Amino acid sequence: REPELAEAVRLRAALDFFAQRYATAPEDAAKLLEVGEYPLPEGADLPQLAAWTLLANAVISLDEVMNRN
C-alpha cells in the first residue's frame, strides 16, 4: 500500500537522517555496503546508497511487510 502522509513524512525524515549520518562518515557507508551478494554500481554515491539501504531495511522489517502464520 502507499504510505499515508504522516508515514511518508517519517520515512523522509529517516532517509534525511541516514543520508546526513553517512555524508559525515563515508567510511561507514563503504563498510555497510561491503556486505551483499552483488558488486556496487560503478560510480555509486555510497552515502546515499547506504541511506537508502537502511531505509529499505526499516520498511522491510515492518510488521505489515512480514509474513506471519
Side-chain angles (χ1 to χ4, degrees):
R1 70 172 174 81
E2 293 287 325
E4 295 175 7
L5 179 59
E7 294 168 328
V9 168
R10 291 187 75 164
L11 289 170
R12 184 60 204 206
L15 179 61
D16 291 345
F17 174 81
F18 298 145
Q20 178 63 33
R21 189 249 187 265
Y22 286 116
T24 60
E27 64 281 355
D28 290 346
K31 191 171 184 175
L32 171 72
L33 296 170
E34 287 176 358
V35 177
E37 222 171 305
Y38 297 100
L40 296 174
E42 191 172 319
D45 181 340
L46 298 186
Q48 278 294 314
L49 185 55
W52 279 101
T53 297
L54 285 187
L55 186 67
N57 186 51
V59 170
I60 289 170
S61 297
L62 293 172
D63 284 345
E64 291 180 56
V65 177
M66 301 296 290
N67 185 9
R68 297 180 182 246
N69 292 331

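Computed from a predicted structure; not experimentally measured.
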What distance separates [X] [atom1] from [Y] [atom2], expressed to the nearest 0.5 Å?
| X | Y | atom1 | atom2 | value |
| --- | --- | --- | --- | --- |
| Arg21 | Leu54 | CZ | CG | 8.5 Å |
| Asp45 | Leu40 | CG | CG | 11.5 Å |
| Leu5 | Arg10 | CG | CZ | 12.5 Å |

Look at the side-chain heavy atoms of Ile, Leu, Val, Met, Phe, Trp and Tyr, link any pair under 4.5 Å apart, and say whether Val59 and Trp52 land in one connected group.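 Yes; tracing contacts between hydrophobic side chains, which count when under 4.5 Å, links both residues.
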With the 4.5 Å side-chain cut-off for hydrophobic clustering, are Val9 and Leu11 part of the same group?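 Result: no, two separate clusters.
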Which pair of heavy atoms, one from Ala29 and one from Ala50, lies closest together, and at what distance? CB-CB, 3.7 Å
Restricting to non-hydrogen atoms, name the atom on Ala19 and the atom on Ala51 that form the minimum distance, rounded to 0.1 Å.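 For Ala19 versus Ala51, the nearest heavy atoms are N-CB, 3.5 Å.
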Donor-acceptor pair, distance only, cut-off 3.5 Å: does the side chain of Glu7 make one with the backbone of Glu4? yes
Reference residue Tyr22; test side-chain contact (heavy atoms from CB on, under 4.5 Å); the match among Leu33, Leu46, Leu32: Leu32
